[in-house]
Q: 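Have a look at this one before I ask anything.
What you see is a predicted model, and the numbers here were worked out from it, not measured in a lab. Throughout, protein chains are lettered first and strands after them, A, B, ... in sequence-line order, and every chain is numbered starting at 1.
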2 protein chains.
Amino acid sequence: MEALESAAPPDETPCTSAGQLLAGLGKVATRRFGAALVPVGIRPRHLNALLTLRAGPTTQQGLAEAIRVDAVQLVGLLNDLEDEELIVRRRDPADRRRHIVEISCKAAARLAALDTAVAEVEDGLLTCLDPAERKQLRALLLRVAAATAEDGPVDEAPTESACPGAA
Amino acid sequence: MEALESAAPPDETPCTSAGQLLAGLGKVATRRFGAALVPVGIRPRHLNALLTLRAGPTTQQGLAEAIRVDAVQLVGLLNDLEDEELIVRRRDPADRRRHIVEISCKAAARLAALDTAVAEVEDGLLTCLDPAERKQLRALLLRVAAATAEDGPVDEAPTESACPGAA
DNA sequence: TATTGTTATACTCTATAACTATA
DNA sequence: TATAGTTATAGAGTATAACAATA
């Protein structure tokens, strides 16, 4: 087997398309969130669940759709939060198959610490951008996120609401 | 343990800061790359290694720094690529502790298929953005990526070059 | 003694299939 | 029969520690 002499790069970009940048920065962001949340006592996977539940109670399926996590995977995730008494699970009287999940009183202090940690990571990631650029980046990312919403473990079209249970 | 009545969201954003958007979209991007690369026969972890090696031969340490992967983890990654005869490892005559890694001739066809797959995923992720917005997003992401370069498993300051071995 | 690459190990995250209970 | 939630299991990714060969 011989080695290739020196293949020229495809175009102008060395190896960094926007998609790969997203994938790479996603890892960096997740890693930093993980490090910052250690003192708070929660892991990255719990972050979106807690923040979404703060908007109001939901069924597990609703939560799974909202945070784009497989319903199977959500079980263990909620078990962690229940073990720490940060959430409450109770049966839905209307349909006893369903569990209604909501945030516990005890979670309030944690959520405050969590907000602080998240804001710090956010700030650390975007130090190089001024406020206008941050806003710009966030707007672009929001649009991309909305456009890729039909992806992931959930295949149902979320025609109703992205953040249910706020009633 | 009682349930919290209805805690109001922190500010205007429901649960989507730029940092969390990055983390979330990173997962989406990685998942899509993974799906698109199945027919090509490589996994997402190999992507950056191959694209970086295309710029020229490197030592394993140089490659590890360039793609921000732990040197330990890089071993198994390169074993995969070597098993498929996509790369060649040989001893550096100047320092026999080092391995020089380069792309094999056989990899050329794969790289072409890979470029196509990457471009398709890229396009699928950014459908909602026009060319100017894509350029804008990429520029912002590049800056953030450069600013967070001192993160990750590598702690050495990359003062020389981000993509070594191009000589 | 320090460095390059390697192996072994474990822990987290994710994906699939099969099960219980309710409808 | 279909749905909500659960369990079990296996795979991929990642991080740490210890080791061999070379400098």
Side-chain angles (χ1 to χ4, degrees), chain A residues 23-24 26-35 37-38 42-49 57-65 67-83 87-101 151-156 164-165, chain B residues 23-24 26-35 37-38 42-49 58-65 67-83 87 89-101 151-156 164-165:
Chain A
K27 280 185 197 165
V28 173
T30 303
R31 193 156 35 197
R32 291 204 183 185
F33 278 123
L37 291 177
V38 166
I42 72 170
R43 279 171 293 169
R45 59 195 304 238
H46 305 121
L47 187 58
N48 278 329
T58 329
T59 62
Q60 290 193 195
Q61 279 224 340
L63 182 57
E65 287 176 18
I67 65 177
R68 311 265 206 84
V69 167
D70 197 287
V72 174
Q73 179 186 347
L74 186 63
V75 175
L77 194 160
L78 291 180
N79 286 346
D80 297 338
L81 295 176
E82 203 176 33
D83 289 346
I87 63 153
V88 185
R89 265 196 275 219
R90 57 185 169 82
R91 287 282 172 192
D92 182 352
D95 183 343
R96 289 189 45 75
R97 291 174 302 183
R98 287 194 170 89
H99 272 162
I100 293 177
V101 189
D151 190 72
V154 183
D155 24 325
E156 298 293 328
Chain B
K27 281 185 197 166
V28 173
T30 302
R31 194 155 35 196
R32 291 203 182 185
F33 277 123
L37 292 177
V38 166
I42 73 170
R43 280 171 293 169
R45 59 195 306 238
H46 306 122
L47 188 57
N48 278 329
T58 329
T59 62
Q60 290 193 195
Q61 279 222 339
L63 182 58
E65 286 176 19
I67 65 177
R68 312 265 205 84
V69 168
D70 197 287
V72 175
Q73 179 186 347
L74 187 62
V75 174
L77 194 161
L78 291 179
N79 286 346
D80 296 340
L81 295 175
E82 203 176 34
D83 288 346
I87 63 153
R89 266 196 275 218
R90 56 184 169 85
R91 288 281 172 193
D92 182 352
D95 183 343
R96 289 188 46 74
R97 290 174 301 183
R98 288 193 171 91
H99 272 161
I100 294 177
V101 189
D151 189 71
V154 183
D155 25 323
E156 298 292 328

Q: Excluding sequence neighbours, so at least two apart, what forms side-chain hydrogen bond (donor to acceptor under 3.5 Å, both in side chains) with A:Arg43?
A: A:Asp80

Q: Just report the end-to-end axis angle for the helix from C:dT1-D:dA23 to C:dA23-D:dT1, five pairs per end, to 10 degrees.
A: 10°

Q: In whole angstroms, how far is the P atom of C:dT3 from the CD atom of B:Gln60?
A: 17 Å

Q: My understanding is that only residues two or more places apart in sequence, or in another chain, count here; which of them pass side-chain contact (heavy atoms from CB on, under 4.5 Å) with A:Val75?
A: A:Gln60, A:Asn79

Q: In whole angstroms, how far is the C1' atom of D:dG5 from the CD1 atom of A:Ile87?
A: 13 Å

Q: Please determine whether a side-chain nitrogen or oxygen atom of B:Arg89 lies at a distance below 4.0 Å from atom OP1 or OP2 of C:dT6.
A: yes

Q: Looking only at non-hydrogen atoms, find the nearest pair between B:Val69 and B:Leu74 and report the distance.
A: CG1-N, 4.1 Å

Q: With DNA chain C as reference, determine whether A:Arg45 or B:Leu78 sits nearer its 5' end, using the nearest nucleotide of each.
A: B:Leu78

Q: May I ask you to evaluate whether A:Lys27 reaches the phosphate of D:dG13, defined as a side-chain N or O under 4.0 Å from OP1 or OP2?
A: no

Q: Tell me the closest heavy-atom pair linking A:Pro57 and A:Ile100, and the distance in Å.
A: CB-CG2, 3.9 Å

Q: Could you encode protein contacts along nucleotides 16-23 of chain C as a string, one character per nucleotide from 5' to 3', using B for base contact, S for sugar-phosphate-only contact and - for no contact, with a heavy-atom cut-off of under 4.0 Å?
A: BB----BS

Q: Taking OP1 and OP2 of D:dA4, is either one under 4.0 Å from a side-chain nitrogen or oxygen of A:Gln61?
A: yes

Q: Taking only residues two or more places apart in sequence or in another chain, which ones pass side-chain contact (heavy atoms from CB on, under 4.5 Å) with B:Arg96?
A: B:Arg91

Q: So A:His46 and A:Leu37, side chain to side chain contact (heavy atoms under 4.5 Å, CB included) or not? Walk me through it.
A: CA-CA 10 Å; A:His46 305 121; A:Leu37 291 177; over 6 Å; no

Q: Quickly work out the A:Arg68 CZ to C:dA15 P distance and round it to whole Å.
A: 13 Å

Q: Looking at every heavy atom in both A:Val72 and A:Asp70, which two are closest together, and how far apart are they?
A: N-OD1, 2.9 Å

Q: Taking OP1 and OP2 of C:dT6, is either one under 4.0 Å from a side-chain nitrogen or oxygen of B:Arg98?
A: no

Q: Taking atom P of D:dG13 as reference, at what distance in whole Å does atom CZ of B:Arg31 sit?
A: 14 Å

Q: If every non-hydrogen atom of A:Pro44 is compared with every non-hydrogen atom of A:Gly34, which pair is closest and at what distance?
A: CG-CA, 3.6 Å

Q: Rounded off to whole Å, could you give me the CD1-to-C1' distance for the B:Ile100 and C:dT4 pair?
A: 13 Å

Q: Grab the CG-P distance between A:Asn48 and C:dC13 for me, whole Å please.
A: 13 Å

Q: Both B:Arg43 and A:Gly76 contact DNA chain D. Which one's nearest nucleotide lies toward the 5' end?
A: A:Gly76

Q: Please report, rounded to the nearest Å, how far the P atom of D:dA12 is from the CG atom of B:Leu77.
A: 13 Å

Q: Under the salt bridge (Lys or Arg N to Asp or Glu O under 4.0 Å) test, which residues partner A:Asp95, sequence neighbours left out?
A: A:Arg97, A:Arg98

Q: Measure the distance from NE2 on B:His99 to C1' on C:dT7 and round it to the nearest whole Å.
A: 14 Å

